Number of protein chains: 2
Amino acid sequence: MVIFASLLTVITQGFMEKNKPTVMVDIAIFTVFEDKLKILLIKRGSEPFKDSWALPGGALNTVTDNSLEEAAMRELVEETGVENQYLEQLCTYGGPDRDPRDWTLSVTYFALVAADEVTLRAGTDTMEAKWHTLTQDKVEVSLAFDHERIVCEAISRLRAKLDYTDIAVHLLPKEFTLSELQRVYEIIMQEKLNKSSFRMRVARADIVAPINGKMRTGSNRPAQLYQFVKHEGDRMFFPRSIAWAQERKK
Amino acid sequence: MVIFASLLTVITQGFMEKNKPTVMVDIAIFTVFEDKLKILLIKRGSEPFKDSWALPGGALNTVTDNSLEEAAMRELVEETGVENQYLEQLCTYGGPDRDPRDWTLSVTYFALVAADEVTLRAGTDTMEAKWHTLTQDKVEVSLAFDHERIVCEAISRLRAKLDYTDIAVHLLPKEFTLSELQRVYEIIMQEKLNKSSFRMRVARADIVAPINGKMRTGSNRPAQLYQFVKHEGDRMFFPRSIAWAQERKK
DNA sequence: CTAATAGTGTCTATCAGACATTATAAG
DNA sequence: CTTATAATGTCTGATAGACACTATTAG
């Protein structure tokens, strides 16, 4: 009986090994321009979900990919043409019904790119890549698979991290003013922030440095240009969180 | 024996199929007792890493598992005998060298259980489950695969979330005193916390409620017993983070 | 009484937010 | 001059941390 049971186990495991899930790597790539948070989507050229929009991604290939991060970075560079961008693992989703073809597992990432450095991959015969505006955390088009949920999760993470880290600098060009940085925070947080508080916090966090003598000119007082200063762990911890403070207002 | 051999062939062929990785679900299960943070480890009964300790886990079964979460929860219940514990996805690791047998992908979770509710699975012939004390974020035994890295990541996440959420209540029995709750925080944060500040924050967060009339007695002033109050989203956001405050001291 | 732990009160430094004020450009 | 935006200053309320203090049990 014991032998029979263990045999069953082996058989089951045998089937299981054969029935591995298909593993995908999908990325939510964000940028900010036109005063809006944007996400990069790909129009699907084939079934399932033909003509729907989806997150850039692809199947993991164990022969060519040496890590998940590498697979994600490859996809990111392929789509945006930009290397060394901010990339962070998000969540992993799995289930039998995510894709009608198979039990699939998606390891999702989220990436931040500066709009001015991106050159979208030329639209091929079947695939079209396009920035979509996020309004109330949603795009206007319907998304393939469970990608809508992934987008929500990605925005939620982005907003959470914005509150206690410096990652917003990755959305800006190499040189930027503090007002521009604050504007990015406001666009993503969907809240107006206090100028002096914001500046004090940014100064304390020590993540930007003025570029001596360089100013952004216009028909008003010129603004000091800053650049991002790399930090080990590149985190800036705010002593109080912006989100909490705003929570208190209600 | 012949049956075994042919089954092995099937298994091997399964591995080769379509360049898919083998998918594992591993869990870092924490508890607190004896004034120490503990993690549940399993002694491996077979190669590779025979006799090393590893995180509880197993291969994802696409035939029986309907989601990753379900697979993780099954593993958690199997090991601890406790249902409905705190379970959260951690990270996903993948690479060709994590396991000598195959390109593997581990979806890792972390779980919190109350020590008094756990009954460790009876040790079978080959597997032994045991709580290991974490000292300086390390166990005294060597871990299989890249599980040491996963444990580090899990502790780091636990500590981070402790700072702005209420998850520590999941490490305590159903009834507890505020001093006990504070002690759990101190054990994990490895810092002594201020009593009045801690109590004010806990009170404001509104996540525990006194159990009317119930007191813990001893050879000192009796302490009010509290119970956990479920909250939607079950998060308590501290207006200032404990960690930051302590960062400032240096 | 003492010992031990529970629980509260007071003071201080710090910080976010609100709002005002000054600075510097173009036209 | 006006307009626009940059940048700084001032005041207030909230709060974490330090530390002292009171409360309540057992023995």
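First the proteins, then the strands, lettered A, B, ... as listed; each starts at 1. Source: prediction; values computed, not measured.
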Check nucleotides 19-21 of chain D against the protein and report each pair of N or O atoms closer than 3.5 Å, with its distance, or say if there are none.
{"from": "D:dC19", "atom 1": "N4", "to": "B:S196", "atom 2": "OG", "distance (Å)": "3.4"}

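- Residues B:G218 and A:N220 each lie close to DNA chain D; by heavy-atom proximity, the contact nearer the 5' end of the strand is made by A:N220.
- By the salt bridge (Lys or Arg N to Asp or Glu O under 4.0 Å) test, A:K138 is found to be paired with A:E148, residues two or more places apart in sequence or in another chain being considered.
- Rounded to whole angstrom, the span from the CZ atom of A:R216 across to the C1' atom of C:dT24 amounts to 17 Å.
- One donor-acceptor pair, N or O on each side, does fall under 3.5 Å between the base of D:dG17 and the side chain of B:S197.
- Note: CZ (A:R199) to C1' (C:dA23) measures 12 Å, nearest angstrom.
- Minimum atom distance to the side chain of B:A223 is reached by C:dG7, of the listed C:dG7, D:dA7, C:dA16.
- With distances taken from any side-chain atom of B:R201 to the nucleotides D:dT5, D:dA16, C:dA4, the minimum falls on D:dA16.
- Counting only residues at least two apart or in different chains, ring-ring contact (aromatic ring centres under 6.0 Å, His included) contacts with residues 136-155 of chain A comprise A:F49-A:F145, A:F145-A:H147.
- When each of B:L41, B:L120, B:V139 is tested with B:W131 by the rule side-chain contact (heavy atoms from CB on, under 4.5 Å), just one qualifies, namely B:L120.
- Distance from the side chain of B:R204 is smallest for D:dA16 among the nucleotides D:dA16, D:dA23, C:dA16.
- Between the CG atom in A:L90 and the CG atom in A:L158 there is a gap of 10.0 Å [rounded to 0.5 Å].
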